[in-house]
2 protein chains.
Amino acid sequence: MKAQQLLLTSIHHFAAHGYEGASLQEIATEVGIKKPSIYAHYKGKDDLFLQATTYALQEQKRRFATYFTNTRQQPLEQSLHGFFDWFISEQQDDILMRFILRAAYFPPEKLEQEMTDRFNPFFDSLHDLLTRLLRERDRTEQILYSTNYKSAALAYLTVAEGTLTELVYNGVDAFHARQQAVWPIVWRGMSKTI
Amino acid sequence: MKAQQLLLTSIHHFAAHGYEGASLQEIATEVGIKKPSIYAHYKGKDDLFLQATTYALQEQKRRFATYFTNTRQQPLEQSLHGFFDWFISEQQDDILMRFILRAAYFPPEKLEQEMTDRFNPFFDSLHDLLTRLLRERDRTEQILYSTNYKSAALAYLTVAEGTLTELVYNGVDAFHARQQAVWPIVWRGMSKTI
DNA sequence: TGTTACCTAACGACCGTTAGGAAGGTGATT
DNA sequence: AATCACCTTCCTAACGGTCGTTAGGTAACA
């Protein structure tokens, strides 16, 4: 179905050129239809962008949740640290992350409210997921320095966002350099091990 | 001089709408001239954007260096931690930072090389500045856990970038929440104090 | 018969850019 | 001292292009 192709291609183009820079002409051509045919599936550029955002957030949330579920039996540090490596290995998906970061940080002005309404629940649910993970895991491992799990989760998310942004922008090498610099410090800061 | 006005107004518009979304028409109107008059000062939109980037990086580097010079006699933690507060108070005009982040993360495709050529030295010089700061200060305070100052500086820069990005995007309140979550962990991770 | 998914053609608006000229100041030449 | 050429800075007018969008039609299919 062309509707789904349009959505995926749009994410690609919006990620690369931004809302203003992406061209419906080019998106249509890549999908193999003419520009006005887009309007058979979406009300317009705004609608396409909003639906792309909704899809991207839902998909990314699903992937993150899957990772942390699948590593449930690993030690906490391995699960948290391995997340970065897992993210790299899903190389193809950094288009999704790039789209999300761009739409989050620099949304088109007129859609700012709609973006906020979508991103806040997304981020909150990630925050909750991580908080629960830290709390449950610490109950058995007793490894975290502080029991303020919510705060620790937020710190982890901040560092993750910073390094993943680096990955999206500067590539794998710069990312590895940062990760190797920042992770020992962060883990030493949040765990009991000294 | 209109040339300088054009530069500053451009930074404002590029920060708000991106390269593709910014309009020479609107920039000219805000400065009080007609659109084609821009060409008396700059060769075109590209030239304007590149000169704006050069100016913004030079200016931001100057401000950062000034802060760390002025806090030279403070304890290291105070100087590093206070940087965030200083950024909020001194940079109520966070437009400069917003422009820099946007131009760094999502440059116009055709200017990607020129952007990289400008941003790498900028980031490297910040990295060097911080590395020297940590080394010199640790010589007297003996407070850092590791003597890999370059790595510690990179970790600090990563966290700073992540939280400052949060400030630019989500505002002061979300920024404070993150800063309070992440700083105790990072400082505990990089210092000897347990 | 009605709906879905595509098409061609074309709309008005805006884009960055160029041509060409007016006004004013500067500096050298007469 | 007066004239001249020249440069800078602005202007109006207009260029070719691309933008998102709409109108209206066609073919397939339920």
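Just so it is clear: chains get the letters A, B, ... in the order the sequence lines come, proteins before strands, and each one is counted from 1. Only heavy atoms go into these numbers, but all of them, side chains included; no hydrogens, no water, no symmetry mates. Since the structure is predicted, the reported quantities are computational estimates derived from the model, not experimental observations.
No donor-acceptor distance shorter than 3.5 angstrom exists from the side chain of B:R118 to the backbone of B:T54, with no hydrogens or angles considered. When atom types are taken as modelled, the side chain of A:N148 and the backbone of A:S151 share a donor-acceptor pair closer than 3.5 angstrom.
Under the rule for a salt bridge (charged side-chain N to carboxylate O under 4.0 Å, His left out), the partners of B:R62 that lie at least two apart in sequence or sit in another chain are B:E59. Residues meeting the salt bridge (charged side-chain N to carboxylate O under 4.0 Å, His left out) test with B:R98, sequence neighbours left out: none. Under the salt bridge (charged side-chain N to carboxylate O under 4.0 Å, His left out) criterion, A:D46 pairs with A:K110, sequence neighbours left out.
Residue B:H41 places none of its side-chain N or O atoms closer than 4.0 Å to OP1 or OP2 of D:dT8.
Close approach of DNA chain C to chain A, defined as any atom under 4.0 Å from a non-hydrogen atom of the protein, starts and stops at C:dC6 to C:dA9.
Remark: B:E26 does not engage B:K35 in a salt bridge, criterion side-chain N to carboxylate O under 4.0 Å.
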Please write out each protein N/O paired with an N/O of nucleotides 19-21 of chain D under 3.5 Å, distance rounded to 0.1 Å.
| residue | atom | partner | partner atom | Å |
| --- | --- | --- | --- | --- |
| D:dC19 | OP1 | A:S23 | OG | 3.0 |
| D:dG20 | OP1 | A:A22 | O | 3.2 |
| D:dG20 | OP1 | A:K45 | NZ | 2.8 |
| D:dG20 | OP2 | A:L24 | N | 3.2 |
| D:dG20 | N7 | A:K35 | NZ | 2.8 |
| D:dT21 | OP2 | A:Y39 | OH | 2.5 |
| D:dT21 | OP2 | A:K45 | N | 2.8 |
| D:dT21 | O5' | A:Y39 | OH | 3.0 |

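Between B:Y156 atom OH and B:L133 atom CG the span is 9.0 Å, to the nearest 0.5 Å.
In this structure, NZ of B:K34 is placed 9 Å from C1' of D:dC11, rounded to the nearest angstrom.
The side-chain hydrogen bond (donor to acceptor under 3.5 Å, both in side chains) contacts involving residues 70-85 of chain B comprise B:T71-B:S79, B:E77-B:W183, B:E77-B:W187, B:H81-B:Q179, where partners must be two or more places apart or lie in separate chains.
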